[in-house]
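Lettering follows sequence order; numbering is per chain, from 1.
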Amino acid sequence: MDFLLQNTLSGHKEKVFPADGQALRFYCCGPTVYGPAHIGNFRTFAIQDLFRRTAEAVGIRTCHVRNLTDVDDKTIRESQKAGLSLKEFTDQWTLRFEADCKALNLLEPHHSPSAVSHIPQQIELIQRLVDKGLAYKGQDGSVYFRISAFPDYGKLSGLCRDGLVCNADGRLHSEDEYGKEDYSDFALWKGWKEEDGPNRWDSPWGPGRPGWHIECSAMSMHYLGESYDVHSGGVDLVFPHHENEIAQSEGATGKPFARHWFHPTHLRVEGQKMSKSLGNLYTLDDIRAKGFTPEELRYVLISGHFRQPLNFTWDSLHAARSALQRLQRFRSRLSPEAPSVQVPVGDSISGFGMWEPVMVALADDLNAAQALGRLFTLLPQAEVALSADPSQRASILKGFDMVMFAFGLSLDAPAMEGLIAVPEDVSALAEERWQAKQSRDWAKADALRGELVAKGWIVKDAKDGYSLSPAAG
RNA sequence: GGCACGGUAGCCAAGUGGUAAGGCCGGGCUCUGCAAAAGCCCUAUGCGUCGGUUCGAUUCCGACCCGUGCCUCCA
């Protein structure tokens, strides 16, 4: 099964493929660890995870790198506010980020390099650019990339260099910037300033710290080679971040950098842009506080097409809950055993069976919306097929689990339920009610159910027992 | 101002030159002491507006309206 994906560089759908005999080399721009990531950040990471899972599900091995930006203006400023060293500060947010990723069932990247731990690689790359005349030291002690020496600048974003200067329409900064030859030139190395405090590293150009763009070039090439397969980040990174990465990398090596680029678009919240002032920069904890699970959020985040802006609403989380429950019920009817979520590389290509149309949709430019549509259409068909011929159970189950692997849905809600502690008095009431019901004392049973509801618990009867769950809301 | 993208049922959201996937909500039915759950069924004569091309357009073209993104460090 071919895996097609629109390439930002060409504007066309192109086949995703690794070099012969190698893993698909895949780089993602990761978070700046100065606070909790919000659900908009996680939309991008969830889509990237969907990309990786889809690749692996169709039999493409991957090597996935996602960096951590742990030195920049924000991390320095916020660490100082918090009274912590930069490392203490970014470490704590890195742990938080990793925990959130795990909760969202994002596969762990094979490498998660941080900028601070790759300073030498960045200095070396800057040195290559200086040596080739593509970078220069400015009057302010910083080193800048000389855009005028890189004719291809603008090929990713479609913005030409002249356009940058001419079309900004008043948004152009005044020319009081000093140190740079040209307004558009960007910093590779930032000379140390008073407000940076102890956060300084030595370099051939004096003390300072790396610029933001250089870290991704240096680390991606360090782990994946000077030319690699796929590079991804949020749509806002197309310009200037990715444009600058291309300039730095191709300028230094003279070779093509990443071949294939894709950019998930932004999340909107209740029809509005996310912003601090609107108070809608929700984190995973905010989602939990409203009683939803990370998996429900994941479902929402991946359920729209990644190049289409997605409008997040609380209602969509309710919809996700119901949809997931249907999948869970289907899965547990198929087999009570927990799904195997191991990477299915190797035997996957012919393994989807009746679910193949779902994977075809995912492998066609990551069309998750269409894939989910097909999935739900096939659900009743699977039930019919199963009752007609029970011997198909194993193959239906296998294909279904593989598709769930690709979506990254573990369908493990029952395990979650077990984690909710039921207070003593509640379980005693419930037990008393069950006994009343067994002796057909309907009035008493109903009265006891009323008491349980008053305590915020809902009881549901089955043939041979009952279950308790906290009332919604 | 430049470039790009989008406007599909109450909500979310696919898709196609030939008569609108799917999910949620809502309604109905079956089942069950009751309730809930579950399963089944139904739910857009219309796809921003107005023109054009066509046997036929939501799908192509044009104009317009509205919304969104990027235009130097924001996923």
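Contact check, Ser322(A) against C25(B): a side-chain N or O comes under 4.0 Å of OP1 or OP2. A close approach under 4.0 Å does occur between a side-chain nitrogen or oxygen of Lys74(A) and OP1 or OP2 of C74(B). Side-chain N/O atoms of Asn367(A) include none lying less than 4.0 angstrom from OP1 or OP2 on A14(B). When the side-chain nitrogen and oxygen atoms of Lys460(A) are compared with OP1 and OP2 of C34(B), none of them lie within a distance under 4.0 Å. Within the structure, every side-chain polar atom (N or O) of Arg326(A) is placed at least 4.0 Å from both OP1 and OP2 of A38(B).
Residue Lys155(A) contributes atom NZ, which lies 20 Å from atom C1' of C71(B) at whole-angstrom precision. We find that CZ of Arg77(A) is positioned 12 Å from P of C73(B), with the value rounded to whole Å. Distance Phe376(A) CZ to A14(B) P: 15 Å, rounded to the nearest Å. Counting to the nearest Å, the P atom of C73(B) and the CG atom of Asp72(A) are 12 Å from each other. Residue Phe145(A) contributes atom CZ, which lies 14 Å from atom C1' of U72(B) at whole-angstrom precision. Computed from coordinates, the Lys193(A) NZ to C73(B) C1' distance equals 12 Å when rounded to whole Å. The CD atom of Glu296(A) sits 13 Å away from the P atom of C24(B) (whole-angstrom rounding). The nearest whole Å value for the distance from the NZ atom in Lys437(A) to the C1' atom in A36(B) is 10 Å.
Residue contacts for Asn311(A): at a heavy-atom cut-off of 4.0 Å it reaches the sugar-phosphate backbone alone, with no base atom in range. Within the nucleic acid shown, Ser316(A) has no heavy atom closer than 4.0 Å to any nucleic acid atom. Residue Gln308(A) is classed as a sugar-phosphate contact, given heavy-atom separations below 4.0 Å to backbone atoms only. Base contact: Gly40(A) has a heavy atom under 4.0 Å from a base atom. Counting non-hydrogen atoms under 4.0 angstrom, Val459(A) reaches a base of the nucleic acid. Within 4.0 Å of Arg440(A), counting heavy atoms only, lies no atom of the nucleic acid at all. Contact annotation for Leu267(A): base contact, defined as any heavy-atom pair under 4.0 Å involving a base atom. Heavy atoms of Gly373(A) sit under 4.0 angstrom from at least one base atom.
Note on Asp364(A) versus Lys13(A): salt bridge recorded, some NZ/NE/NH1/NH2 to OD/OE distance being below 4.0 Å. A salt bridge links Arg53(A) with Asp49(A); the closest basic N to acidic carboxylate O contact falls under 4.0 Å. By the 4.0 Å N-to-carboxylate-O rule, Asp461(A) lies close enough to Arg433(A) to be salt-bridged with it.
Each of Ala187(A) and Ala443(A) was assigned the nucleotide of RNA chain B with the nearest heavy atom; the assignment lying further toward the 5' end belongs to Ala443(A). RNA chain B is contacted by both Ala445(A) and Arg333(A); Ala445(A) maps to the nucleotide lying nearer its 5′ end (nearest heavy atom per residue).
When the P atom is compared between G7(B) and A14(B), the two are found 9 Å apart, to the nearest whole Å. U59(B) and C47(B) have their C1' atoms separated by 9 Å, with the value rounded to a whole Å. The gap from the P atom of U19(B) to that of G51(B) amounts to 25 Å, rounded to the nearest Å. Comparing the same atom, P, in A57(B) and in C40(B) gives a spacing of 37 Å after rounding to whole Å. G17(B) and U58(B) are spaced 11 Å apart, taking the C1' atom of each and rounding to whole Å. Going from the P atom of G62(B) to that of U68(B) covers 24 Å, rounded to whole Å. A distance of about 14 Å separates the C1' atoms of C11(B) and A44(B), rounded to the whole Å. Spacing between A21(B) and C73(B) at atom C1', rounded to whole Å, works out to 42 Å.
Checked against the 6.0 Å centroid criterion, the rings of Phe51(A) and Phe26(A) qualify as a close aromatic pair. Between His260(A) and His231(A), the ring center distance fails the sub-6.0 Å criterion.
Under the 30°/60° scheme for interplanar angles, the aromatic rings of Trp434(A) and Tyr466(A) are found to be tilted.
Side chain of Arg329(A), nearest nucleotide from C71(B), A38(B), G33(B): A38(B). Residue Pro240(A) has its side chain nearest to C74(B) when only C34(B), A75(B), C74(B) are considered. For Arg268(A), counting side-chain heavy atoms from C-beta on, the closest listed nucleotide (C40(B), U68(B), A75(B)) is U68(B). With distances taken from any side-chain atom of Gln370(A) to the nucleotides G23(B), G39(B), A14(B), the minimum falls on A14(B). Listed candidates were C73(B), C24(B), G22(B). Nearest to the side chain of Trp212(A) is C73(B). Closest approach to the His266(A) side chain among A13(B), G23(B), G69(B) is made by G69(B) (side chain taken as heavy atoms from C-beta onward). Across U72(B), G23(B), C74(B), the shortest atom-to-atom separation from the side chain of Asp236(A) is found for C74(B).
For Arg449(A) and A35(B), a side-chain-to-base donor-acceptor distance below 3.5 Å is present, hydrogens and geometry of angles not being considered. The base of G33(B) is paired with the side chain of Asp446(A) by a donor and an acceptor separated by under 3.5 Å. Counting distance only, with no hydrogens placed and no angle test, the side-chain atoms of Ser184(A) and the base atoms of U72(B) include a donor-acceptor pair under 3.5 Å. In the interface, the side chain of Asp461(A) is paired with the base of C34(B) through a donor and an acceptor atom under 3.5 Å apart. With hydrogens and angles left out, the side chain of Lys276(A) and the base of C74(B) share no donor-acceptor pair within 3.5 Å.
Cation-pi contact between Lys437(A) and Trp442(A): absent, since separation from the ring centre below 6.0 Å together with deviation from the ring axis within 45° is not met. Both the sub-6.0 Å distance and the 45° axial angle are satisfied by Lys180(A) relative to the ring of Tyr183(A). With a 6.0 Å cutoff to the six-membered ring centre and a 45° limit on the axis angle, Arg66(A) counts as a cation-pi contact of Phe45(A).
Only one option out of Asp73(A), Asp70(A), Asp72(A) pairs with Arg209(A) in a salt bridge (Lys or Arg N to Asp or Glu O under 4.0 Å); it is Asp73(A). Of the residues listed (Arg52(A), His111(A), His110(A)), the one engaging His64(A) in a side-chain hydrogen bond (donor to acceptor under 3.5 Å, both in side chains) is Arg52(A), and it is the only one.
Residue side chain His305(A) fails the stacking definition with respect to A14(B), as its ring centre and the base's six-membered ring centre are not both under 5.5 angstrom apart and under 30 degrees in plane angle.
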Dot-bracket for RNA chain B: what is it, with Watson-Crick or G-U pairs under 3.5 Å, [ ] where a pair crosses earlier ones, and | for a pair to another strand?
(((((((..(((.....[...))).(((((.......))))).....(((((..]....))))))))))))....
